[in-house]
Amino acid sequence: MLSSFSALSARRRGVTRLAAATLVSGLLAVGVLAGAGPAGAEETTQGQGGATATIGGLKTYGAAVIHEHTGDQQVSAGLFEMSVDGGGTLQTYCVDIHNPTQRDAKYHETAWSGTSLGANKEAGKIRWILQNSYPQVNDLATLAAKAGVQGGLTEQDAAAGTQVAIWRYSDGADVDAVDPQAEKLADYLQKSAVDMAEPQASLTLAPPAVSGHPGELLGPVTVHTNAAAVTVTPPADAATSGVRIVGKDGKPLTSAVDGSQVFFDVPEAAAAGSAEITVQASTTVPVGRAFSSETRSQTQILAGSSESTVSAAASATWAKKGAIPALSAAKNCARSGVDITAANQGDEAFTFELMGAEHSIPAGESRTVTIPLQEDQPYDFTITGPGGLANRFTGILDCRTQAAQSGNATQILSEPSPATVGGTADDTNLAATGGSSTTPLIAGIAIALVVIGGAALVLVGKKDAPTQD
């Protein structure tokens, strides 16, 4: 978590040199196949829907000590607070002890497979800890009794002990809580934890992209949510394009529930094009959901949620003939890359080049290609296709904890902990927020991406369908 630590300048210079080398080798590994993508490319994030939030700071926390061969390091350990876009508040613990938190970083709800949790066999035990400790269990007397803590627990003890137990599974860290009561709780939680399944997303649409011919119902796109209902917002140009959003009965749809099937009703005379819908709801986000940031701010895991705004989007592409690809992407930490899925509902194959190899998706089929990336490598892919299709996928691969990358050596050393350690704060100054050792890495890579035209890889559809009027 390192919420109160900054990197030594010598170590920062070393990391910066490593970052430059990583950038060069990473770009070579991916391959620059073309220049920048079309200026009007539709940008797509790899979030699969759910809540989007901005991190504030540590709100309830105590102190912990990390034991490593380089020496002991004292850090703050406890609950962060996030403000949800559209309304709501989240409480989270971190699952990457050595990675700094960037102040005001934007986070989005994501599947475990897109984070270090995806390859962590102990991730299910972390969810058990969250379900059976503070703040889900806010009767601290009962929690203390279960853990065998004499003298009871304060909120700060409970938060610190819970975070320490999580770190032992998320990072494999040798870490102890400073306060004896918090340490007793951490030991209890670690020893008692059993495996639990990953929680379902608060809201997703599957698949996130569909395609077909005008005059048909394109879909289905299925709603998956724990909300009682979601509102469905049609495409922005629906009034002029004539595209309607309907249910499987063909009737217009403005709301849906879990399991509902949604379709794009495209007029038969429509020219080749695309459209997007969004769905939104108010619900509590399930405990144990992961939250990741595209600024390399440490990954978080949800400990508590108020009623919060969640949303998801899906797109449709259509043409009268030729290849008609539907494109989507998702991080795949198990394979250290990004999965790009192309489903082709046209009557011709959709062909593109990827890393020097040609790939072809036959008519009526769907295939997934994994783009291998190096850890912490930003990516900016634009895939173009027939009918003016241009989808841009951007992000940064963040699949490993800092400890896993560094061989359990603390990369960020620090000045002494602040006097406020062990309290409840309205606004904690997170060290290295906006100025961590990863900042020069991100800035350097961003500049390099601009130099090469803003795209590390462009997948080009080789067989363009004729423009339909």
Side-chain angles (χ1 to χ4, degrees), residues 1-22 58 61-78 80 93-103 115-117 119-120 122 126 159-180 182-183 186-187 190 295-301 374-377 397-422 428-442 444:
M1 172 172 305
L2 297 184
S3 59
S4 57
F5 293 91
S6 59
L8 292 177
S9 58
R11 184 64 60 89
R12 183 182 291 114
R13 289 193 296 272
V15 173
T16 304
R17 288 193 294 271
L18 175 62
T22 300
L58 278 169
Y61 61 97
V65 175
I66 309 169
H67 308 290
E68 299 194 47
H69 69 273
T70 54
D72 289 351
Q73 299 297 320
Q74 183 166 307
V75 297
S76 300
F80 284 90
Y93 290 104
C94 94
V95 288
D96 193 352
I97 191 172
H98 295 295
N99 189 30
T101 301
Q102 307 298 322
R103 183 183 294 282
T115 73
S116 62
L117 297 171
N120 186 343
E122 309 284 13
I126 297 173
T162 304
Q163 177 66 93
V164 166
I166 290 171
W167 278 334
R168 291 173 182 174
Y169 284 121
S170 65
D171 294 73
D174 181 3
V175 56
D176 296 317
V178 171
D179 185 271
E183 175 63 14
D187 289 343
Q190 180 187 11
T295 61
R296 197 55 179 89
S297 187
Q298 63 186 198
T299 302
Q300 304 282 312
I301 191 164
Q374 294 193 18
E375 181 68 10
D376 294 336
Q377 181 180 339
L397 194 71
D398 183 7
C399 290
R400 301 172 63 194
T401 63
Q402 289 283 3
Q405 297 178 66
S406 61
N408 289 326
T410 303
Q411 291 199 20
I412 301 178
L413 307 179
S414 151
E415 64 234 4
S417 299
T420 54
V421 154
T428 302
N429 180 24
L430 306 182
T433 55
S436 75
S437 61
T438 60
T439 300
L441 163 62
I442 295 170

Considering all heavy atoms, the nearest Val164-Ala186 contact | CG1-CB, 3.8 Å
Quick one: closest heavy-atom pair of Glu375 and Arg400, and the distance?
-> OE2-N, 2.9 Å
Residue pair Val175 / Ala64: nearest heavy atoms and the distance that separates them = CG2-CB, 4.0 Å
Asp171 and Asp96: side-chain contact (heavy atoms from CB on, under 4.5 Å), yes or no, with the steps?
-> CA-CA 6 Å; Asp171 294 73; Asp96 193 352; 3.8 Å; yes
Contacts of Ser297 that satisfy side chain to side chain donor-acceptor pair (under 3.5 Å) - sequence neighbours left out = Tyr107
Contact summary for Ala182 and Ala177, nearest pair of heavy atoms = CB-CB, 3.6 Å
Asn120 and Tyr169: which non-hydrogen atoms are nearest, and at how many Å?
-> ND2-O, 3.0 Å
For Ser76 against Leu58, the heavy-atom pair lying closest together = CB-CD1, 3.6 Å
Is a side-chain N or O of Asn99 found less than 3.5 angstrom from the main chain of Arg296, in a donor-acceptor match?
-> yes
Taking the side chain from Gln163 and the backbone from Cys94, do they hold a donor-acceptor pair closer than 3.5 Å?
-> yes
With sequence neighbours excluded, residues passing salt bridge (charged side-chain N to carboxylate O under 4.0 Å, His left out) with Asp179 | none
Test side-chain contact (heavy atoms from CB on, under 4.5 Å) applied to Asp72 - qualifying residues, sequence neighbours left out | Val65, His67
Are any non-hydrogen side-chain atoms of Arg168 and Asp176 less than 4.5 angstrom apart?
-> yes
Minimum side-chain heavy-atom gap Ile166-Val95 below 4.5 Å | yes
Among Ile97, Ile66, Thr162, whose side-chain contact (heavy atoms from CB on, under 4.5 Å) with Trp167 holds?
-> Ile97
